[in-house]
Amino acid sequence: MKFIGITGGVGAGKTEILKYLAGREDTKVMLADDIARELSEPGQSCNEKLQELFAGTDVFDEKGKMNRPKVAAIIFKDEARRNGMNEILHPAVKEYVLHVLEQEKEEGRLRYLVLEAALLIEEHYDEICDELWYIYTSEENRRARLKQSRGYSDEKISEMFESQLCENEYRRHCKVVIDNNGTTEETIAQVRTIIENEGENTNG
């Protein structure tokens, strides 16, 4: 089984690629954001620590359920709380991922385990992944997609771009680069070719 980490800038269009991979019988896809969300739920490992971090705010209801838009608004302005949240969630997410990795290795039914994470490189997932994939989309196309799909302003998009790694850093760390500037079909064809070639290399 190969453990693949997938990353790319905001608006790169990773969703369709992940959807294709998740639809394969030999592949399991994990999303770091979904894992973090799950671990933040009432009764889960990070919930109590997060409630302490956001004490004095109204981001949690009486049952311990987090209001995500309120959290996003606070951490956008409050660097200390943003860092605190990352310090709680990121190690917990990695621990969860490592547990699933070991489980899937033992079961031996998958050909690929895939993890998508925005901070894949920053959180040093290259140390546990067999291979990193970078989904490349031009800044112009990413900007257009974010305006269309999320209604973001140019100012908000520029702030998001500045907070992420530059293209050279992604390329430096990732073994595979998938060009997602064309149609979905063209992108999926690239992914299929990569997987088929790997299969030939493994068998050969």
Side-chain angles (χ1 to χ4, degrees), residues 1-41 44-46 49 85-137 142 163-182 184-204:
M1 185 187 79
K2 178 173 271 192
F3 184 27
I4 297 169
I6 290 184
T7 193
V10 62
K14 298 182 285 289
T15 306
E16 290 301 322
I17 295 164
L18 295 165
K19 200 184 289 181
Y20 163 71
L21 290 168
R24 293 176 56 93
E25 286 185 5
D26 61 357
T27 305
K28 178 174 186 167
V29 173
M30 298 184 289
L31 307 178
D33 278 353
D34 286 357
I35 297 168
R37 195 172 290 123
E38 185 183 325
L39 296 174
S40 305
E41 289 292 314
Q44 295 297 317
S45 61
C46 296
K49 292 175 187 173
M85 189 171 181
N86 288 340
E87 283 166 16
I88 292 167
L89 287 173
H90 289 167
V93 169
K94 190 173 269 189
E95 189 180 328
Y96 179 102
V97 167
L98 285 167
H99 175 71
V100 173
L101 176 62
E102 288 309 310
Q103 211 171 21
E104 294 299 345
K105 275 182 180 173
E106 279 177 27
E107 290 181 14
R109 61 182 185 84
L110 293 179
R111 188 170 158 201
Y112 299 104
L113 179 65
V114 174
L115 171 70
E116 186 277 324
L119 301 177
L120 198 78
I121 293 165
E122 296 92 323
E123 288 298 309
H124 306 291
Y125 276 97
D126 54 331
E127 294 169 6
I128 57 175
C129 290
D130 296 313
E131 196 169 280
L132 299 190
W133 290 11
Y134 168 45
I135 312 305
Y136 165 69
T137 310
R142 287 165 60 203
S163 71
Q164 296 191 320
L165 295 177
C166 66
E167 187 191 331
N168 287 343
E169 276 300 292
Y170 283 118
R171 288 180 180 272
R172 192 165 71 83
H173 287 89
C174 297
K175 180 182 176 184
V176 173
V177 178
I178 293 166
D179 189 314
N180 196 24
N181 286 292
T184 301
E185 290 73 23
E186 287 168 341
T187 302
I188 298 305
Q190 289 177 64
V191 175
R192 199 178 285 120
T193 300
I194 291 162
I195 286 172
E196 285 168 3
N197 286 347
E198 285 194 338
E200 286 172 13
N201 293 340
T202 305
N203 296 332

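Residue numbers run from 1 in the order of the sequence given. Every value quoted in this text rests on a predicted model; they were computed, and no experiment measured them.
Using a 4.0 Å cut-off between charged side-chain N and carboxylate O, E25 and R111 make no salt bridge. A salt bridge between E196 and R192 is absent, with no side-chain N of the basic residue lying under 4.0 Å from a carboxylate O of the acidic one. Contact check on E123 versus K94 returns no salt bridge, with no Lys/Arg side-chain nitrogen under 4.0 Å from an Asp/Glu carboxylate oxygen.
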> Do K19 and V29 pass the side-chain contact (heavy atoms from CB on, under 4.5 Å) test, and can you show the C-alpha distance, the side-chain angles, and the key distance before you say yes or no?
Replying inline: CA-CA 9 Å; K19 200 184 289 181; V29 173; over 6 Å; no
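Rounding to the nearest 0.5 angstrom, the gap separating the CD1 atom in I17 from the CH2 atom in W133 is 8.5 Å. Distance check, rounded to the nearest 0.5 Å: NE2 of H173 to NZ of K175 gives 16.0 Å. The structure places CG of L110 at 7.5 Å from CG of D26, a figure rounded to the nearest 0.5 Å. Distance check, rounded to the nearest 0.5 Å: OG1 of T15 to CD of E116 gives 7.5 Å. Separation of atoms CD (E186) and CG (N181) is listed at 10.0 Å; rounding is to 0.5 Å. The distance from atom CD1 of I195 to atom CG of L21, rounded to the nearest 0.5 Å, is 5.0 Å.
The heavy-atom pair separating E167 from Y134 by the smallest distance is CG-OH, 3.4 Å. Taking all atoms of both residues into account, the shortest heavy-atom contact from I6 to V114 is CD1-CG1, 3.7 Å. Of all the heavy atoms in A12 and T137, the pair that sits closest is O-OG1, 2.7 Å. Between L120 and G5 the shortest heavy-atom distance is CD2-C, 3.4 Å.
The backbone N or O of D179 lies less than 3.5 Å from a partner atom in the side chain of Q190, making a donor-acceptor pair. D130 contributes no side-chain N or O that, together with a main-chain N or O of I4, makes up a donor-acceptor pair within less than 3.5 Å.
Within the 4.5 Å cutoff, side-chain heavy atoms of C174 are placed close to those of I121. Looking only at side-chain heavy atoms (C-beta outward), T187 and E16 stay at 4.5 Å or farther from each other.
In the displayed structure, E41 atom CD is contacted under 6.0 Å by more than 12 heavy atoms of other residues, nucleotides or ligands. In this structure, Q103 places its CD atom where more than 12 heavy-atom neighbours from other residues, nucleotides or ligands lie under 6.0 Å away.
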